[in-house]
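Everything below concerns the one structure shown next.
FYI, side chains are in, hydrogens and waters are out, and symmetry mates aren't considered; it's all heavy atoms of this structure. Note that the structure is a prediction, hence the values are computed from the model and not measured.
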Amino acid sequence: MAVESFRDYLQLLESRDELNHISQEISWNLQASAVTMMADKTDDTVPVFETITNPGETEAKLVGDPYRGARRRPWDRIAAALGLPDGLSGDEYYETTIERLKSPIPPTVVNEETAACKEVIQTDGDVDLFEFPWPYIHAGDGGRYSNLHTMITTDPDSEWVDWSYHRAMIHSGTKASILFLAGEQTPNLYYYKYERRDEPMPIAIAIGTEPAVYFSSVMWIPTGRDEADYAGGLKQEPVELVQCETNDLHVPANAEVIIEGTVLPDRRLDEGPFGDYFGYMHGPRRSMPVFKVDAITHRNKPYIPFCVEGVGTGHDLNSSSTMELACVGPDATLGLRTAGFNVERCAPWRFTPRTVYTVATERSEKGYLHNLANFIFTTWGMLHVDFFVFVDNDVDPLDQRAVLEAIALNADPNEDFYQFGVETMPKVPLNIYQTPEEKGDAETGTSKTKTAKAYIDATRDEESPTVPSYLGDEELRQKGRDTLSRAGLSLASPTEGDR
């Protein structure tokens, strides 16, 4: 059974000896993120900072990268949060998650009296963001951030409710700037609907939600579909929502903190720099829309999760890279299958989220792969992801060694590397190959200069040599496993090993 709240999730981690309660006083100013980064780098337990320097009246606690997966099996904690069995292989986890996404369950609305997020209600002059210990995550960041939350808004022209996860930089007790990059669903609602009508956009930021809520928020759910329904599908029962105090939005009832407000039209505040998921400090500061806070509701002594972005490059995992692999990957696989493509699995590069994706497919004809790339780059938009690698369906996209081997052995540099949409494709400025001048300072936050997308055909040709036949002999493989077991050696598959 899926866990019902963020606190239940922390208890689950504790029952698995995967939680580290730190009682000594820790500062929100770089110290909490430094400890979290080291835990990420060493594949250690998830830190909970029980005593924060100057925590404010809320006595809130910080939790560092709670969804970061174990290095050998990065999907395990997310699987446990969804009530899935222990020990699932990557393929089993993907297929189980896909099946749940096929059966969305609408949410239910509960009374305010039963909603945990309403234990404390602050409106008007009582609102003060600095009562909470928002972390200063990287030296050089433009400010303190909330960056592991679900942002909720609605389409003014329909009943569609959109959940997303855009970061917020705290400016004052009642204002923050939101990273809105045009081309993504929530920013599009703001730039092309609310702001053009000179209307404020109502939003709520839900922090410390039950895991299924956040997992659905990071997925590529199609425009017009409510993520709340898919969160219900993931947990196999309805998500409970409650109405906000100052607007008509409904928010997860058991969240640790709810911040209500509006994104103002034609108003901007600086945002960034920030140590982004690429592993580098992204800058310069850019003008981004202003979030004006109208109310804050929260549980007593709330837990505030955060992600140390940037540590996901190279050897390590964090919440962002883990959820890209374990949440977006299954959703993207389902999306390609629903579109009619014969896809075994679509998975992101394990340690650098939103950069490279690998697609394993049974069909490797040039025209088929080009049509698949055309669908991906034009239908999905692909503001973040710049290239895909296509491999045969017997190559595990979760095994980066196998993917690199497929590129090295099968991809002809003269024939199998393709540029797509040369200098015509949109790109967010969160990259390191465009200069500051090329990124520009467009009001909608996209790069001034367009870019190309690319894909690599790393599938085998028909005349390619085949692997030795004995590798497919299950009887011989079982004898090998038995021999290893008797010798006391690990039976971990390549996918589960360190990369």
Side-chain angles (χ1 to χ4, degrees), residues 127 129 142-143 145-172 174-207 213-214 216-228 244 246-252 258-272 274 276 282 285-296 354 380-384 426-430 439-448:
V127 172
L129 287 171
Y145 275 88
S146 173
N147 74 334
L148 199 57
H149 56 232
T150 294
M151 185 171 291
I152 301 164
T153 191
T154 186
D155 179 5
D157 297 326
S158 71
E159 296 181 353
W160 172 42
V161 177
D162 180 36
W163 289 4
S164 58
Y165 64 114
H166 306 277
R167 71 187 186 221
M169 190 175 94
I170 312 302
H171 281 261
S172 70
T174 58
K175 287 187 175 63
S177 54
I178 308 291
L179 182 67
F180 272 0
L181 303 174
E184 299 173 329
Q185 289 178 347
T186 302
N188 284 352
L189 288 174
Y190 172 74
Y191 290 123
Y192 305 128
K193 290 195 175 183
Y194 285 100
E195 189 167 56
R196 286 186 177 180
R197 301 172 187 179
D198 195 32
E199 296 176 2
M201 182 173 78
I203 70 168
I205 295 177
I207 301 164
V213 167
Y214 193 73
S216 68
S217 302
V218 304
M219 290 180 173
W220 297 349
I221 305 299
T223 298
R225 304 281 184 89
D226 288 5
E227 282 82 3
C244 285
T246 58
N247 58 46
D248 294 332
L249 297 175
H250 287 82
V251 295
I258 300 292
I259 305 175
E260 304 175 16
T262 55
V263 183
L264 303 175
D266 299 314
R267 292 280 301 278
R268 301 290 188 266
L269 282 172
D270 286 348
E271 197 280 331
F274 185 73
D276 264 310
H282 169 254
R285 294 170 74 89
R286 299 172 67 88
S287 295
M288 285 291 158
V290 178
F291 173 45
K292 179 180 176 297
V293 179
D294 297 323
I296 301 176
R354 298 184 290 279
W380 284 356
M382 289 292 103
L383 290 171
H384 294 267
K427 178 64 181 176
V428 298
L430 307 183
K439 293 179 181 181
D441 192 22
E443 290 186 2
T444 54
T446 53
S447 290
K448 179 180 179 181

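- In this view, Val127 and Thr174, Val293, Ile296 satisfy the side-chain contact (heavy atoms from CB on, under 4.5 Å) rule, not counting sequence neighbours.
- Defined by atom type and a distance below 3.5 Å, a donor-acceptor pair is missing between the side-chain atoms of Glu227 and Ser217.
- Nearest heavy-atom pair, Met151 versus Ile178, reported as atom, atom and distance to 0.1 Å: CE-CG2, 3.7 Å.
- By the 6.0 Å contact criterion, CG on Asp266 is enclosed, its count of non-hydrogen atoms from other residues, nucleotides or ligands being greater than 12.
- Within a 6.0 Å sphere centred on CZ of Arg225, other residues, nucleotides and ligands contribute 12 heavy atoms or fewer.
- Under a 3.5 Å cut-off, the side chain of Glu260 and the backbone N or O of Cys244 do not form any donor-acceptor pair.
- A donor-acceptor contact shorter than 3.5 Å is absent between the side chain of Asp226 and the backbone of Ala228.
- Judged purely by atom type and a 3.5 angstrom limit, His149 uses its side chain to pair as donor or acceptor with the backbone of His166.
- Leu179 places none of its side-chain heavy atoms less than 4.5 Å from the side chain of Phe274.
- Nearest heavy-atom pair across Tyr194 and Asp155 is OH-C, 4.2 Å.
- Looking only at side-chain heavy atoms (C-beta outward), Glu195 and Pro289 stay at 4.5 Å or farther from each other.
- Rounding to the nearest 0.5 angstrom, the gap separating the CG atom in Leu181 from the OH atom in Tyr191 is 7.0 Å.
- Nearest heavy-atom pair, Val251 versus Ala204, reported as atom, atom and distance to 0.1 Å: CG1-CB, 3.6 Å.
- A pairwise comparison of heavy atoms in Pro252 and Ile258 identifies O-CD1, 4.2 Å as the closest pair.
- Although no hydrogens or angles enter the test, the distance criterion places no donor-acceptor pair under 3.5 Å between the side chain of Arg268 and the main chain of Met288.
- Atom CZ of residue Phe291 and atom CE of residue Met169 lie 14.5 Å apart, to the nearest 0.5 angstrom.
- Separating the CD1 atom in Ile203 from the CG atom in Leu189 is a distance of 11.5 Å, to the nearest 0.5 Å.
- Between atom NZ of residue Lys193 and atom OG1 of residue Thr154 there is a gap of 9.5 Å, rounded to the nearest 0.5 Å.
- Distance check, rounded to the nearest 0.5 Å: CD1 of Ile152 to OG1 of Thr186 gives 10.0 Å.
- Closest non-hydrogen pair, Ile221 versus Ser216, comes out as CG1-O, 4.0 Å.
- Contact annotation: the side chain of Val161 never approaches that of His250 to less than 4.5 Å [non-hydrogen atoms, C-beta and beyond].
- Closest of all the heavy-atom pairs between Tyr192 and Ala182 is OH-CB, 3.6 Å.
- With rounding to the nearest 0.5 angstrom, the OH atom of Tyr165 is 11.0 Å from the CG atom of Asn147.
- Remark: side-chain polar atoms of Ser177 are paired, donor with acceptor, to backbone N or O of Asp270 under 3.5 angstrom.
- The aromatic rings of Tyr190 and Phe180 lie tilted to each other, with the angle between the two planes from 30° to 60°.
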Check against side-chain contact (heavy atoms from CB on, under 4.5 Å), Thr246 and Thr262:
CA-CA 10 Å; Thr246 58; Thr262 55; over 6 Å; no
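- Checked against salt bridge (charged side-chain N to carboxylate O under 4.0 Å, His left out), Glu271 has the following partners two or more places apart in sequence or in another chain: Arg167.
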